Amino acid sequence: LWAAVRDDPVVRHTFLYSYKSGLAAAVDDPGVHELFAGGAVAPPSPPAPEEAHLFLTLVSNVVPALQDWAAVQPLLLELGSAYQTTGVQPLHYQLVEAVLVNSLQQALGDAFTREWEGAWMRVYATLTNTMLLA
């Protein structure tokens, strides 16, 4: 299913546009700002145009590599540690998850079934939980 996002130019464009605009909308949502009302952590900033493409590249490389968890886990821990130094918090991961799932739904339509959604959410939770251990 990820190959359709990666390889089909129309699906890829739809995904990237939805992902980028979804993150930007989340950042502007007053409810999101309430989550960060304590002021200790700033809400995430809107993504730059190249960030959505970078995300697509990252996922394209990570998804196949998940078959070798022993190799991926140290990289995720390193990434999680780097994210912590920039102020990324668990709420940020939740925002990205919601936008990711919505973007996949927008791009793939009926092909993105509940089973695929559940699988993506489990993978995302595994990645996130590992990064948060750092």
Side-chain angles (χ1 to χ4, degrees):
L1 192 61
W2 180 253
V5 175
R6 184 190 63 220
D7 299 337
D8 184 308
V10 173
V11 174
R12 182 175 58 243
H13 172 78
T14 303
F15 172 79
L16 291 173
Y17 178 81
S18 179
Y19 181 75
K20 182 177 181 279
S21 60
L23 285 178
V27 169
D28 291 336
D29 185 321
V32 169
H33 285 275
E34 286 179 27
L35 292 173
F36 301 95
V41 177
S45 59
E50 64 277 359
E51 287 180 329
H53 179 71
L54 181 62
F55 176 79
L56 181 68
T57 302
L58 174 69
V59 173
S60 292
N61 291 325
V62 167
V63 168
L66 289 175
Q67 295 176 14
D68 185 5
W69 185 247
V72 172
Q73 187 178 22
L75 299 173
L76 291 171
L77 291 169
E78 184 178 328
L79 184 60
S81 180
Y83 280 170
Q84 285 180 4
T85 64
T86 63
V88 172
Q89 299 292 311
L91 288 173
H92 295 126
Y93 290 98
Q94 293 171 10
L95 272 172
V96 171
E97 177 184 27
V99 171
L100 173 64
V101 169
N102 183 62
S103 298
L104 288 167
Q105 289 170 336
Q106 295 295 316
L108 296 167
D110 292 340
F112 193 66
T113 63
R114 289 203 179 273
E115 291 80 18
W116 278 111
E117 179 179 350
W120 271 99
M121 292 178 80
R122 286 188 300 277
V123 167
Y124 188 82
T126 301
L127 299 175
T128 299
N129 291 336
T130 303
M131 287 188 283
L132 289 171
L133 290 173

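Bear in mind that the values here come from a model prediction, so they are computed numbers and not experimental data.
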| Looking at residues at least two apart in the chain, or sitting in another chain, which of them share a side chain to side chain donor-acceptor pair (under 3.5 Å) with Glu115? | Thr113
Output a table of donor-acceptor pairs, distance under 3.5 Å, between side-chain atoms of residues 127-134 and any protein atom two or more places apart or on a different chain; print 'none' if there are none.
{"residue": "Thr128", "atom": "OG1", "partner": "Tyr124", "partner atom": "O", "Å": "2.9"}
{"residue": "Asn129", "atom": "ND2", "partner": "Ala125", "partner atom": "O", "Å": "3.1"}
{"residue": "Thr130", "atom": "OG1", "partner": "Thr126", "partner atom": "O", "Å": "2.8"}

Review item, side-chain donor-acceptor pairs of residues 95-104, under 3.5 Å, at least two apart:
{"residue": "Ser103", "atom": "OG", "partner": "Ser18", "partner atom": "OG", "Å": "3.3"}
{"residue": "Ser103", "atom": "OG", "partner": "Tyr19", "partner atom": "N", "Å": "3.0"}
{"residue": "Ser103", "atom": "OG", "partner": "Val99", "partner atom": "O", "Å": "2.8"}

Pairs under 3.5 angstrom only: tabulate donor-acceptor contacts from the side chains of residues 70-82 to other protein residues two or more places apart or in another chain.
none

| remark: Heavy-atom nearest pair, Phe112 first then Glu117, reads CZ-CA, 3.5 Å
